[in-house]
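Each remark here refers to the structure printed beneath this line.
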Number of protein chains: 2
Amino acid sequence: MAVRLADVAKAAGVSQSTASRVLNGSSRRPNPAVAERVRAAADELGYFPNAQAQALARSSAGLTGLIVHDIADPYFSSIARGAQRGLAGSGVQLMLASTEREAEAEVEAVRTFMSYRTDAIMLAGSRGLADDAALQKVLETYQDNGGKVAMIGQPLSNAGGVRIDNDGSAAALAGELLKLGHRRFVVFAGEEQLTTAAQRTAGFTSKLRAAGVKPEAVHHGAFSRDGGYFLMSELIRSGAVGGPGAGPLCLFCVSDVMALGALAAVREAGLRVPEDIALAGFDDIPTLADQSPTITTVRLPLEEIGRMTAAMTLHNGDADRWTVVEGTPVLRESTRRD
Amino acid sequence: MAVRLADVAKAAGVSQSTASRVLNGSSRRPNPAVAERVRAAADELGYFPNAQAQALARSSAGLTGLIVHDIADPYFSSIARGAQRGLAGSGVQLMLASTEREAEAEVEAVRTFMSYRTDAIMLAGSRGLADDAALQKVLETYQDNGGKVAMIGQPLSNAGGVRIDNDGSAAALAGELLKLGHRRFVVFAGEEQLTTAAQRTAGFTSKLRAAGVKPEAVHHGAFSRDGGYFLMSELIRSGAVGGPGAGPLCLFCVSDVMALGALAAVREAGLRVPEDIALAGFDDIPTLADQSPTITTVRLPLEEIGRMTAAMTLHNGDADRWTVVEGTPVLRESTRRD
DNA sequence: ATGATGCCGGAATGCGCTTTCCAGGGTAGA
DNA sequence: TCTACCCTGGAAAGCGCATTCCGGCATCAT
């Protein structure tokens, strides 16, 4: 059906080896005149190589896998965009798996990528320690077979990648909020077993404690918009918000999407940010820029993180190197105190 | 390096053919006892098939390509999510290309997917007619080689896919806005040559005209957040907003992201929506749900569109069928009139 | 009891390409 | 002028798997 390399070779009157060398970058460069003939024939016939066959023959597929929890989440889609850009021009193609936050799906995705002999796998997003065992095992198998693993946001096994300084960045944010004069804090901490969530919570609260401030509560819930919405609804129902307290409450959500959910609940209740409750998130996802009030957060260079990670998978030397990315607190209207 | 089928076969004491039949779904089912032995051996050795080799032998790769303009755009990432879900469980893997809105990159992406012998290509997003020639040509080549093409949001060549009734939906929105009593309209229409943008503009304005209302202006600009922001800034500078007019102005942006940009500019200028200017978008991207004021738009079931398209690529019969999706006007606070 | 009919496992071929390995011719050095 | 070497193109051997064909065996009907 499709035109094969052999067809091109025949048309050009050369051997298949020569055609291969001309068309698909080999160390040996055939005679220019011959090369030109081959190229002309390929052009005329509309030849394009079969990547599967190439992968088989070369034992390398020119593929890189990206595993995210949810591609529709701006956090991950920003990273995906960076990854795509980081790969652009390298001839390496991106395979995407979105796992809907199921640990099993994640392991399955790694298996699939192994099947496709992807040269590298990038894993974005945090996961619980419990899930790690199975994941770690399959990733080790992958590495044993020569695959590179790059983690984004979470260290794991003996892989390399980009580590996000959740701890320190959350602490920095806490510091800034203290400077603004906030003293009453509540934390929406996401799922208990999520490492990322735990680190952000720990960094934030320990900084508070170091300043002699005890957070009034740490609530756990889903690490998502709806999680934030739910927790906030509960909080309001409990009467903790807008009530007569010793100064306004300041809520730290360990992710921006949670903060957005919380904000929605606040609005629905007819309360205002920051007058009735101050609000801070984490990540600085792009959609935050267009909120009103603008929301305080910790900026993570998401796209850059994706780009860096992709670049690391391209260069062999960096296989098990870690790059640490710091978040920058960005103070906006949602935590203003007048 | 890796464990091959032959290794498993040897370990199980059977031929490679038998091992293949057991492990990789063939029409012939070997004896249960033998099958069990093979499976045990595969398990023990940690065998997983080489998808490249399978693809080569089967002449079908189990891959589907998705081409979007920008994966970080919620419009496309929602579609991507749906596509991923639609493919889940079918054994078909998704390859992603994000073209940054460059026509050339789009053609290149199709070429790459052709190389990987993807069974189908999904193309999301609108493009100008000028770009179509090259794209159409390469897609036809693809189809000639047995590839399925599914377009999302824009008909093209003799492919199938999901068509969005931009025209009718925009008209429906115009009707609703008229019902609310709006009479002074401005349209931010995106790039002039974008078919989608043009259709939405046309549908909207023709409905207005049919009701005897002439839009005050149609401004063209980038089909993006920044495009909306820029146009709005210009509009404000020109004094058209908040000035003494015959009733408040109503702005229709042909996409939500443009509306978000416009909203940002309105806020920066210290003006209010809907009091100083009413605002409507198109698409109902997820991030719209958390805006304040909530924004009127035309709801498109984005994820469902992605899912449907993916499903179409899985079933052979649907290769050149078109499904038309209607948008539903959703009236929210941003166009309220008191 | 015997021929026909499945059924099941194995050998062999091919998917399209890369990459040794070879042979031949040209070049340079002696 | 002759030998040693390098360069170039071609033949052939895989890469790992699916699948067609084939032979052997058991089952069934006659």
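Side chains included, hydrogens not; waters and symmetry mates left out as well; all remaining heavy atoms used. Throughout, protein chains are lettered first and strands after them, A, B, ... in sequence-line order, and every chain is numbered starting at 1.
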Where protein sits on nucleotides 18-27 of chain D, one letter per nucleotide: B base, S sugar-phosphate only, - none, heavy atoms under 4.0 Å: BBBB------
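- In this structure, of dC17(D), dG16(C), dG9(D), it is dG9(D) that holds the atom nearest to the side chain of Asn31(A).
- The interatomic distance linking Leu56(B) (CG) with dC17(C) (P) rounds to 9 Å, in whole Å.
- More than 12 heavy atoms of other residues, nucleotides or ligands sit less than 6.0 Å from atom CD of Glu100(B).
- Rounded to an integer number of Å, the gap from CD of Gln52(B) to P of dT18(C) is 13 Å.
- Taking atom CZ on Arg117(B) and atom C1' on dC17(C), their separation rounds to 11 Å, with Å as the unit.
- Interatomic distance, Met95(A) CE to Thr112(A) OG1, rounded to the nearest 0.5 Å: 7.5 Å.
- The line from CD of Glu303(B) to CZ of Arg307(B) is 9.0 Å long, rounded to the nearest 0.5 Å.
- Rounded to an integer number of Å, the gap from Asp7(B) CG to dG16(D) C1' is 10 Å.
- Interatomic distance, Gln16(A) CD to Arg21(A) CZ, rounded to the nearest 0.5 Å: 11.0 Å.
- Distance, Asn50(A) CG to dG16(D) C1': 14 Å, rounded to whole Å.
- A salt bridge does not link Lys148(B) with Asp119(B): every distance from a Lys NZ or Arg NE/NH1/NH2 to an Asp or Glu carboxylate oxygen is 4.0 Å or more.
- Under 3.5 Å, the side chains of Thr18(A) and Ser15(A) contain a donor-acceptor pair of N or O atoms.
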